[in-house]
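Given the structure is predicted, the values throughout are model-derived calculations rather than measurements.
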Amino acid sequence: MAKVELKQPIVQEISDNMKDAQSVVVVDYRGLTVAEDTQLRKTLREAGIIYKVYKNTLVSRAIEGTEFESLKDSLEGPSAFAISKEDATAPARILAKFAKTAPALEMKAGVVEGNLYDAKGMAVIAEVPAREELLSRLLGSLQSPIANLARVLNQIAEKGGAAAASVAPDAAVAPAEAEAPAEEAAEAPAEAEAPAEEAAETEVSATEE
């Protein structure tokens with residue numbers, strides 16, 4: 001069987017792994033200890049990221065005519081590939097974090113959402129927060145104005161209630177003050193009767209004389 005035929009399944013595996021991928025990062029793993037390599041594979045696997053070591057020639061064949069073809073210039077020396085089909089920034093973020101404790105690990109380049117980035121560009125991509133964190137921040141920013149509005153409305157409601165309470169005693173006093181003129185008016189007819197009684201007494205005196 002020809003060597004090309006033997007290698008074809010591997011090329012197909014690479015194509016399948018990269019199909020519909022959000023990002024592919026080329027990694028130089030030389031210098032990692034066995035323990036470090038094992039831990040790196042475990043960390044990436046738990047994050048849902050495919051991590052494989054392939055020959056550059058086979059990868060070059062697999063990515064030909066795809067959006068990852070631009071990675072060909074980075075296929076020099078031993079290379080590993082971190083592939084994510086969900087979170088586009090996850091491979092760069094995890095690899096950069098791991099490299100802080102394992103300096104031998106280096107990102108050569110990567111394609112993220114169809115765009116090619118060199119090592120410096122991938123370092124910038126690594127600083128992008130996870131999708132869950134971004135959603136949490138967005139939700140927090142949306143909830144903040146709503147919470148502020150609710151707080152303002154509550155304060156307005158409390159002030160309105162206090163104003164109503166202060167007006168109520170004044171309204172209760174007003175009818176009491178209005179009753180005073182009525183009582184004075186009731187006393188007026190009684191005072192008006194006095195001259196009438198005096199006039200009647202005068203007429204009686206005149207008759208007796």
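The two residues Ser74 and Val26 make their nearest non-hydrogen contact at O-CG1, 4.2 Å. Ala104 approaches Leu32 most closely through the heavy-atom pair CB-N, 4.0 Å. Across all their heavy atoms, Gly31 and Glu36 have their closest contact at O-OE1, 4.3 Å. Between Pro103 and Glu106, the closest heavy-atom pair is O-CG, 4.3 Å. Between Ala96 and Met107 the shortest heavy-atom distance is CB-CE, 4.1 Å. Nearest heavy-atom pair across Ala126 and Ala92 is CB-O, 3.4 Å.
In terms of hydrophobic clustering, with Ile, Leu, Val, Met, Phe, Trp and Tyr side chains grouped at heavy-atom distances under 4.5 Å, Leu71 and Tyr117 are assigned to different clusters. Val25 and Leu116 fall into different hydrophobic clusters, defined by Ile, Leu, Val, Met, Phe, Trp and Tyr side-chain heavy atoms under 4.5 Å apart, directly or through other members. Both Ile63 and Leu58 sit in one connected hydrophobic cluster of ILVMFWY residues. Membership requires side-chain heavy atoms under 4.5 Å apart, directly or through other members. Under a hydrophobic-cluster definition in which Ile, Leu, Val, Met, Phe, Trp and Tyr are linked whenever side-chain heavy atoms come within less than 4.5 Å, directly or via other members, Leu75 and Val11 are assigned to the same cluster. Following chains of ILVMFWY side-chain contacts shorter than 4.5 Å, one can reach Ile14 starting from Val24, so the two form part of one hydrophobic cluster.
Taking CZ of Arg61 as the reference point, atom CD of Gln12 lies at 11.0 Å (rounded to 0.5 Å).
Surrounding NZ of Lys97 are at most 12 heavy atoms belonging to other residues, nucleotides or ligands under 6.0 Å away.
Side chain of Lys85 to main chain of Lys19: a donor-acceptor pair is present (N/O by atom type, distance under 3.5 Å, no hydrogens or angles). Without hydrogens or angle criteria, Ser23 side chain to Val112 main chain gives no donor-acceptor distance under 3.5 Å. A donor-acceptor pair is defined here as one N or O able to donate and one able to accept, closer than 3.5 Å; no such pair exists between the side chain of Asn17 and the backbone of Ile50. A donor-acceptor pair is defined here as one N or O able to donate and one able to accept, closer than 3.5 Å; such a pair exists between the side chain of Thr43 and the backbone of Gln39. Although no hydrogens or angles enter the test, the distance criterion places no donor-acceptor pair under 3.5 Å between the side chain of Ser60 and the main chain of Asn56. In this structure, Glu13 contributes its side chain and Ile10 its backbone to no donor-acceptor pair below 3.5 Å. Here the side chain of Ser79 pairs a donor or acceptor atom with the backbone of Gly77 at under 3.5 angstrom.
In this structure, Val59 and Met18 have side chains that are in contact, with non-hydrogen atoms separated by less than 4.5 Å. Using a 4.5 Å heavy-atom threshold, the side chains of Val53 and Arg41 count as touching. Proximity of Val27 to Lys108: side-chain heavy atoms (C-beta onward) are nowhere separated by under 4.5 Å. Using a 4.5 Å heavy-atom threshold, the side chains of Gln22 and Glu86 count as separate. A heavy-atom distance below 4.5 Å is found between the side chains of Leu95 and Leu44.
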Subject >> Criterion side chain to side chain contact (heavy atoms under 4.5 Å, CB included) on Ile49 and Ile83, from CA distance to verdict >> reply: CA-CA 6 Å; Ile49 298 169; Ile83 307 167; 5.6 Å; no

Original post:
Going through the distances and angles, do Tyr54 and Phe81 end up as a side chain to side chain contact (heavy atoms under 4.5 Å, CB included)?
Top reply: CA-CA 8 Å; Tyr54 293 118; Phe81 302 85; 4.0 Å; yes

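Between Arg93 and Asp87 there is a salt bridge, since at least one side-chain N of the basic residue sits less than 4.0 Å from a carboxylate O of the acidic one. In this structure, Asp28 pairs ionically with Arg30, as a charged nitrogen and a carboxylate oxygen lie closer than 4.0 Å.
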